[in-house]
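Nothing fancy with the numbering, it's 1 onward along the sequence. Hydrogens, waters and symmetry mates play no part in the numbers below; they use all other heavy atoms, side chains included.
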Amino acid sequence: MLVTFSCPAYGKITLFGDVALKLLKMMGHSQTVPGALLADDIPAALTRLEKNIATEIPSSQETKESGYDDEPSVSLSHRAFPLIELLKAAQKEGCNVMWDSGT
């Protein structure tokens, strides 16, 4: 499953479902897809996400070798970066954020 986040102040962002659900949980939101975050709730969600990303310990899945010597793993903080930027833009413009699955 893919999850696409959108708001009028930023382009659409598509994440793998497992990553998107984990980030939604870190934001303090239910893992319901589709869903939305009202403009008034974005500052608190952004703060929670940034705090949780900063304290995140890499999972064993990220630290295991993928079987490809030249393929580095991608940390959750790197995967979260586009969503954090989207939330910052939405906060600045005062717009809602929505997400939906691509299935």
Side-chain angles (χ1 to χ4, degrees):
M1 168 176 74
L2 297 174
V3 178
T4 301
F5 293 84
S6 63
C7 80
Y10 203 85
K12 291 182 179 182
I13 295 171
T14 302
L15 299 171
F16 289 113
D18 58 334
V19 174
L21 294 177
K22 186 168 188 169
L23 295 176
L24 285 169
K25 185 176 181 181
M26 290 176 137
M27 289 170 24
H29 201 281
S30 69
Q31 295 176 317
T32 304
V33 178
L37 195 58
L38 297 175
D40 292 340
D41 298 329
I42 290 173
L46 178 59
T47 299
R48 279 192 293 270
L49 179 58
E50 290 177 323
K51 178 184 170 193
N52 286 323
I53 289 293
T55 61
E56 177 72 12
I57 297 171
S59 70
S60 59
Q61 185 179 18
E62 290 176 343
T63 57
K64 283 183 183 176
E65 292 193 27
S66 64
Y68 299 101
D69 293 332
D70 59 346
E71 188 174 322
S73 63
V74 179
S75 69
L76 187 61
S77 62
H78 282 102
R79 293 180 190 269
F81 182 78
L83 180 59
I84 290 171
E85 292 299 305
L86 180 142
L87 292 171
K88 287 179 180 179
Q91 180 179 353
K92 183 178 178 181
E93 296 295 321
C95 57
N96 302 330
V97 173
M98 295 170 283
W99 56 91
D100 198 356
S101 67
T103 57

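Annotation: side chain of Leu37 is not in contact with side chain of Phe5 (no heavy-atom distance under 4.5 Å). Contact of the Ile13 side chain with the Glu85 side chain is not registered, since no non-hydrogen atoms from C-beta on lie closer than 4.5 Å.
Interatomic distance, Lys12 NZ to Leu86 CG, rounded to the nearest 0.5 Å: 11.5 Å. Considering NZ of Lys22 and CG of Leu49, their distance stands at 11.5 Å, rounded to 0.5 Å. The distance from atom CG of Leu23 to atom NE2 of His29, rounded to the nearest 0.5 Å, is 13.5 Å. Rounding to the nearest 0.5 angstrom, the gap separating the CG atom in Asn52 from the OG atom in Ser77 is 13.0 Å.
Residues Ala80 and Ile53 share a closest heavy-atom pair of CB-CD1, 3.8 Å.
A continuous path of hydrophobic side-chain contacts links Leu15 to Met1 [ILVMFWY only; heavy atoms under 4.5 Å].
Partners of Thr14 under the side chain to side chain contact (heavy atoms under 4.5 Å, CB included) rule, at least two apart in sequence or in another chain, are Leu2, Thr4.
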Enumerate donor-acceptor pairs with a distance under 3.5 Å from any side-chain N or O in residues 87-99 to protein atoms, sequence neighbours excluded.
from	atom 1	to	atom 2	distance (Å)
Asn96	OD1	Ala39	N	2.8
Trp99	NE1	Thr32	O	2.9

